[in-house]
Amino acid sequence: MLLSLVLHTYSMRYLLPGVVLLGTAPTYVLAWGVWRLLSALLPSRFYQAVDDRLYCIYQSMVLFFFENYTGVQILLYGDLPKNKENIIYIANHQSAVDWIVADILAIRQNALGHVRYVLKDGLKWLPLYGCYFSQHGGIYVKRSAKFNEKEMRKKLQSYVNAGTPMYLVIFPEGTRYNPGQTNRLSASQAFAAQQGLTVLEHVLTPRVKATHVAFDSMKNYLDAVYDVTVVYEGKDDKGQRKESLSMTEFLCKECPKIHIHIDRIDKKDVPEEQQSMRRWLHERFEIKDKLLIEFYDSPDPERRNKFPGKSVNSKLSLKKTLPSVLVLSGLTAGMLMTEAGRRLYVNTWIYGTLLGCLWVTIKP
C-alpha cells in the first residue's frame with residue numbers, strides 16, 4: 001500500500017505545474033486585454049514592445065516548470081548564438097515539448113518575448129490562447145492544398161513593416177515523428193522516394209511551403225536561419241528510441257537530458273527559389289538524420305547518446321524564471337480572494353474563450 005502511494009504521488013508531479021500554468025491563464029489574458037485596449041490609439045510598436053514583455057513573463061513561468069522544476073539537463077552543441085537576432089528557427093518535430101525547446105534557446109539570447117510560431121490551424125481553438133497566439137504574431141496554417149500562402153505573406157510583411165522582432169519557429173515536418181507510428185513513417189519515406197529524395201530514418205520528409213514563404217517574405221529583415229536538432233534522452237526497455245514524450249511525462253521528470261544541436265546559417269547561404277530551397281531543406285534534414293542515427297545507433301559506444309563536438313551544460317538561473325511565477329501566481333491568488341475577483345476570473349475563462357473563438361472564425 002505504501003509503495004502504491006509513493007508511485008501515485010510520483011505520477012502526480014505534473015499537477016502543480018498544470019494548476020499554475022492553466023490557473024494563471026485568465027490573469028495573463030486580462031492583463032494583455034487591458035494593454036490591448038489602452039494601446040489602441042498608440043503606434044503599433046508600443047503595443048508590440050509591451051506585448052513582447054508580457055509574453056516573456058508568462059513564458060519565463062513556463063520555463064520555471066519545464067527546466068527548474070524538472071531539473072532537466074540542457075546540453076548545447078554547435079553554434080551557440082548569444083545575441084538577439086531576427087531568425088527563422090527550423091527543427092525536427094517529435095513531441096508536444098518541442099515548442100518549449102525554442103523558448104529554452106530564446107531565453108538564453110534574451111529574446112524570449114520575440115518567439116512566434118507557425119502553428120497548425122486546429123490550435124486556434126485553444127481556450128484563451130488560441131486567439132492570443134495569433135495576436136502575438138503566431139501564424140495558423142493548413143496543410144497541403146489548403147495552405148493559404150497569401151495570408152501568411154500578408155501577416156509576415158506587416159511584421160516586417162512594423163519592425164517587429166522575429167524569432168519565428170517552424171517545424172517543416174508538419175506533424176510529429178513517432179517511432180511507434182510506422183504507417184506515418186512509411187508514408188513519409190514513400191513520398192521521399194517518389195520525389196527522388198533521400199529516404200530518412202529518424203525524421204519525416206520536410207515540406208517546404210511555410211519555410212519558403214517565411215524566408216521569401218522576410219529575407220531582407222532576417223539575420224540567419226537556425227537549424228536545430230533535438231533529442232530527448234531516453235530509450236525503451238528494448239534499447240530503442242522512445243515514443244514521443246507528452247508534456248505530462250516531461251513534467252513527471254521522465255527526461256533526464258535534452259540534447260540540442262544548433263547550426264546557424266547565414267541568410268546569404270539559403271537559396272531563394274522554391275525548388276532550390278526544397279532541395280536545400282531536405283539536405284538539412286539529411287544532416288539531422290545522420291546526427292540522430294549516430295546518436296541512437298552508432299556502433300562506437302563513445303559516440304552514442306551525444307552529438308558530435310563539445311557540449312555545453314547550460315543551466316537556467318532561477319532569477320530568470322521564479323519572479324514570473326511569483327507575480328502571476330500572486331495576482332491570480334489575489335483575484336480569487338474576493339467574490340468580484342472570482343466572478344471576473346470565471347467570466348474571463350468563459351467569455352474570453354467564446355470571444356477568442358469568434359475572433360479566429362471571423363478574422364483569418
Side-chain angles (χ1 to χ4, degrees), residues 21-63 86-89 99-100 102-103 106-107 111-142 148-171 210 213-214 217-218 221 324 327-328 331-332 344-345 347-364:
L21 293 173
L22 290 176
T24 56
T27 309
Y28 179 78
V29 171
L30 276 171
W32 167 77
V34 169
W35 171 241
R36 193 76 178 99
L37 290 173
L38 292 175
S39 64
L41 299 178
L42 298 174
S44 60
R45 66 179 182 275
F46 290 105
Y47 161 72
Q48 199 66 64
V50 176
D51 176 56
D52 282 6
R53 184 57 194 157
L54 288 171
Y55 188 77
C56 182
I57 290 171
Y58 187 83
Q59 294 300 88
S60 295
M61 181 178 68
V62 171
L63 287 177
N86 289 318
I87 62 115
I88 293 173
Y89 168 115
W99 65 275
I100 295 169
D103 289 348
I107 197 171
L112 185 56
H114 304 162
V115 176
R116 312 176 205 284
Y117 300 92
V118 175
L119 302 155
K120 62 182 179 182
D121 191 66
L123 292 174
K124 69 184 181 183
W125 305 112
L126 283 172
L128 298 182
Y129 285 115
C131 175
Y132 172 71
F133 283 145
S134 177
Q135 293 294 301
H136 179 66
I139 300 170
Y140 292 110
V141 296
K142 294 180 180 179
N148 193 329
E149 178 179 329
K150 183 178 178 181
E151 278 299 330
M152 184 175 179
R153 284 185 182 277
K154 181 180 177 181
K155 194 164 188 177
L156 287 171
Q157 192 60 54
S158 71
Y159 298 145
V160 171
N161 293 341
T164 304
M166 293 299 291
Y167 199 103
L168 186 66
V169 179
I170 302 175
F171 299 107
V213 171
S217 302
M218 300 192 298
Y221 188 65
S324 297
V327 168
L328 286 171
L331 289 173
T332 303
L344 177 62
Y345 182 88
N347 286 338
T348 301
W349 265 118
I350 297 171
Y351 296 110
T353 298
L354 292 175
L355 288 171
C357 289
L358 179 63
W359 178 262
V360 298
T361 300
I362 295 172
K363 189 173 178 64

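FYI, the numbering just counts along the sequence from 1.
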Sub-4.5 Å side-chain heavy-atom contact between [X] and [Y]:
X	Y	answer
V50	S39	no
L112	Y55	no
I139	L156	yes
L63	I107	yes
V141	L119	no
M218	I88	yes
H114	D52	yes
E151	Y140	no

For the backbone of [Y] and the side chain of [X], can you confirm whether one donor and one acceptor N or O come within less than 3.5 Å of each other?
X	Y	answer
T353	P127	no
N161	Q157	yes
Y221	G163	yes

Hey, could you give me the [atom1]/[atom2] distance between [X] and [Y], rounded to the nearest 0.5 Å?
X	Y	atom1	atom2	result
L30	L128	CG	CG	9.0 Å
K124	C357	NZ	SG	10.0 Å
W99	L123	CH2	CG	11.0 Å
L344	Y351	CG	OH	12.5 Å

Ignoring hydrogens, what is the shortest heavy-atom contact between [X] and [Y]? Give both atom names and the distance.
X	Y	result
C131	G356	CB-CA, 3.6 Å
P26	G23	CD-O, 3.5 Å
T361	W125	OG1-CH2, 3.2 Å
A210	I170	O-CD1, 4.0 Å

Requested in this report: Dump the intermediate steps for side-chain contact (heavy atoms from CB on, under 4.5 Å) on I100 and Q59, then the final yes or no.
Outcome: CA-CA 9 Å; I100 295 169; Q59 294 300 88; over 6 Å; no
Query raised in the report: If you draw a 6.0 Å radius around CG in L41, do more than 12 non-hydrogen atoms from other residues or ligands fall strictly inside?
Result: no
Query raised in the report: Y89 vs Y167 aromatic rings, parallel, tilted or perpendicular, using cut-offs 30° and 60°?
Result: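 Judged by the thresholds at 30° and 60°, the geometry between Y89 and Y167 is tilted.
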Query raised in the report: In chain order, what residues pass the ring-ring contact (aromatic ring centres under 6.0 Å, His included) check against Y132, with sequence neighbours excluded?
Result: Y28, W32, H136
Query raised in the report: Sequence neighbours excluded, which residues qualify as side chain to side chain donor-acceptor pair (under 3.5 Å) partners of Y117?
Result: D103
Query raised in the report: Residues two or more places apart in sequence or in another chain: which of them pass side-chain contact (heavy atoms from CB on, under 4.5 Å) with T164?
Result: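 Once residues adjacent in sequence are excluded, the partners of T164 under the side-chain contact (heavy atoms from CB on, under 4.5 Å) criterion are Q48, R116, Y159, A162, M166.
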Query - Polar side chain donor-acceptor pair, T332 to T24, under 3.5 angstrom - result: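 Side chains of T332 and T24: no pair found under 3.5 Å.
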**Report entry** No-hydrogen, no-angle side-chain donor-acceptor test under 3.5 Å, K155 and S134
**Finding:**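 Short answer, yes.
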Requested in this report: Mind running side-chain contact (heavy atoms from CB on, under 4.5 Å) on F171 and V118 for me, showing each step along the way?
Outcome: CA-CA 8 Å; F171 299 107; V118 175; over 6 Å; no
